[in-house]
Amino acid sequence: ADRYPDRIACIYRPVPESDETVEITYEQMRCDIRHAGTEQLARGWNGAHIAIIGESTYHWVCSYFSLMSIGAVTIPLDKDMPVSDMAATLETADCTVIFYSPMVKDKMAELFPLLPRVTTTVCMTDAPVEGQLTLGELIAAGKEKYESGDNSFYDNPIDPDRLATIVFTSGTTGKGKGVMLSQTNIVSDMTQGMYNFQITDKTMFVLPPHHTYGSTVNLIGHFAQGCEIYISSGIRYLLNEMKEQQPTHLILVPLFVETLYKRIWQTAEKSGKADLMRKAMKISGALRKVGIDLSRNLFKDVLSAFGGKLQMVICGGAALNQNIIDTFESFGIVILNGYGISECAPLVSCNRNEYRKAGSVGCPIIGEQVKIHEPDENGEGEICVKGTNVMLGYYKDPEATAAVFDEEGFFHTGDWGKLDEEGWIHITGRIKHIIILSNGKNVCPEDI
């Protein structure tokens, strides 16, 4: 906000189906977060364990940043979790306050009686809700306090190395682990990670906010560089929003990229242009080999489906078929394949804008050590990571924590892979999927 006070930080639609959009500057967002945080401090919520349950909205962003800024422990949860699982998870996490989206209001009515330790719930909206505290009311009350001289938001000390958020991994209640991350884990992951690639000026937020990929990479990493973020109203609106908002890069998981890929070819087949596109791809590839890049002109119609300005996609979360990566590059859209895991806050490695290796998830972020545990004759073994981005441990589970750290302090990811001669990571599978043949050879079903 100091660097770019008038630059747009967020754009969103209050109502998904409407044409109205709201633009929030960095200065305005700072004010909203500061005022919400001032009131939260007045209520004694610094240090409290506070859940955030909802879809991607500006109000989710304000809630997350204000709670993190006052030193609360955030517990972001998937809004689609069954009520019984959600209740058990929040009980395990020692939750006392819940911030929730209006979309899960009915679920909250079922959830609240199951959580005797929860004293307060906050609806993440500006609109008044009968009998319910709202985020808008917190911001208004905090603004009044701040303008009357209350400087507690800035005076409140923060220990960057203490527990800041608990992110529950996939799995039903009792199986999902609570990954404990500090502000140092999160901020160093982005400070060091963003050297791997250069983002553009505008992106969209389409990922689930309760995942670290969304909250850390798509929000914190981009806000830190003054990027403009359009908050998508949901996947059903995505293609129309891309045409309207014209993002210059996207942060996606493979499912989104695969969906876009299928849509391109479905459209081409329907219009009878699929064969022409394949020929143009060969021509484009041949020209690029001799230093001539006409891809964005040759595939102008394809690019227009994404708004016409999309240059790059950063993709992580699962394996992405190399053919899809190559196809998008033929169209003039660079895909940077990366690797992350919640326990590493999450970014571990990523390909670079001007240096990419087929089949690799890139080079480790700056300041991070990666080793292969007990490599076989092909150099393959378990990928292990050590650095300031690696978690504090699993919440209230010292046995599980001890099981994933070795005597050198390396975190064992459970992923199977190798390092090439330059130290770039190549993932070949998951350890729990590995088939060991009678001759001792390890086979990855992913390869099959």
Side-chain angles (χ1 to χ4, degrees), residues 197-207 213 218 230 232-339 350-362 426-427 446-448:
F197 41 79
Q198 182 171 346
I199 62 171
T200 63
D201 292 335
K202 184 171 183 176
T203 189
M204 294 174 67
F205 187 32
V206 301
L207 299 172
Y213 189 24
N218 213 161
Y230 174 82
S232 173
S233 297
I235 190 165
R236 59 186 281 206
Y237 305 102
L238 182 58
L239 285 172
N240 286 336
E241 289 175 331
M242 288 176 67
K243 288 178 183 177
E244 176 198 80
Q245 292 296 320
Q246 300 181 317
T248 44
H249 79 278
L250 295 171
I251 312 296
L252 300 176
V253 292
L255 178 62
F256 282 91
V257 179
E258 290 159 2
T259 300
L260 297 176
Y261 175 83
K262 289 174 185 174
R263 183 62 64 90
I264 290 170
W265 287 109
Q266 285 171 356
T267 303
E269 294 288 355
K270 281 182 181 178
S271 63
K273 294 181 179 179
D275 288 340
L276 185 62
M277 270 179 57
R278 292 186 184 98
K279 289 176 184 176
M281 285 171 64
K282 289 180 181 179
I283 295 169
S284 175
L287 289 172
R288 284 165 61 211
K289 284 179 181 177
V290 294
I292 302 170
D293 190 352
L294 299 178
S295 54
R296 296 192 70 86
N297 289 323
L298 287 171
F299 300 100
K300 205 168 186 178
D301 289 345
V302 173
L303 297 174
S304 66
F306 308 132
K309 296 183 179 179
L310 186 63
Q311 304 167 25
M312 178 177 74
V313 173
I314 298 171
C315 187
L320 181 64
N321 189 302
Q322 186 63 42
N323 179 58
I324 294 177
I325 295 173
D326 295 340
T327 298
F328 273 93
E329 289 207 17
S330 296
F331 298 153
I333 299 172
V334 170
I335 293 186
L336 303 185
N337 209 11
Y339 167 53
C350 194
N351 276 271
R352 310 188 70 142
N353 295 61
E354 302 298 334
Y355 189 14
R356 304 178 294 281
K357 292 186 181 183
S360 171
V361 291
H426 297 254
I427 296 175
E446 287 86 352
D447 288 341
I448 297 170

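Note that this is a predicted model, so its numbers are computed, not measured.
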Determine all donor-acceptor pairs shorter than 3.5 Å in which one atom belongs to a side chain in residues 254-263; sequence neighbours excluded.
from   : atom 1 : to     : atom 2 : distance (Å)
Thr259 : OG1    : Leu255 : O      : 2.7
Tyr261 : OH     : Asn323 : ND2    : 3.2

Considering only residues two or more places apart or on different chains, which pairs with a residue in residues 266-298 satisfy ring-ring contact (aromatic ring centres under 6.0 Å, His included)? none

To the nearest 0.5 Å, how far apart are [atom1] in [X] and [atom2] in [Y]?
| X | Y | atom1 | atom2 | value |
| --- | --- | --- | --- | --- |
| Glu241 | Ile235 | CD | CD1 | 11.0 Å |
| Ser304 | Lys309 | OG | NZ | 13.5 Å |
| Phe299 | Asp301 | CZ | CG | 10.5 Å |

[X]: side-chain contact (heavy atoms from CB on, under 4.5 Å) partners, not counting sequence neighbours:
| X | value |
| --- | --- |
| Asn297 | Leu294 |
| Gln322 | Ile325, Asp326, Ala358 |
| Ile264 | Met277, Val302, Phe306, Phe328, Phe331 |

4.5 Å side-chain heavy-atom contact, [X] and [Y]:
| X | Y | answer |
| --- | --- | --- |
| Leu310 | Leu250 | yes |
| Arg288 | Glu329 | yes |
| Leu303 | Ile333 | yes |
| Tyr213 | Ile251 | yes |
| Met312 | Thr248 | no |
| Val313 | Gln311 | no |
| Thr203 | Tyr230 | no |
| Lys243 | Leu239 | no |

Would you sort out whether Leu320 and Ile335 count as a side-chain contact (heavy atoms from CB on, under 4.5 Å), showing the intermediate values? CA-CA 10 Å; Leu320 181 64; Ile335 293 186; 3.9 Å; yes

How far apart are the closest heavy atoms of [X] and [Y], and which atoms are they?
| X | Y | answer |
| --- | --- | --- |
| Pro247 | Met204 | CG-SD, 3.7 Å |
| Leu238 | Ser232 | CD1-OG, 4.4 Å |
| Ser284 | Ser330 | OG-O, 3.4 Å |
| Gly332 | Arg296 | O-NH1, 3.0 Å |

Among Leu336, Asn337, Val334, Asn351, which residue satisfies the side chain to side chain contact (heavy atoms under 4.5 Å, CB included) criterion with Ile314? Leu336

Around atom CG of Asp293, are there more than 12 heavy atoms of other residues, nucleotides or ligands at under 6.0 Å? yes

Crowding at CD, Gln198 (>12 non-hydrogen neighbours, <6.0 Å): no

Could you note down all residue pairs passing side chain to side chain donor-acceptor pair (under 3.5 Å) where residues 267-278 supplies at least one of them, sequence neighbours left out? Glu269-Arg278, Asp275-Arg278

I'd like to know if the side chain of Lys202 pairs up with that of Gln246 as donor and acceptor (distance under 3.5 Å, no hydrogens or angles considered). no

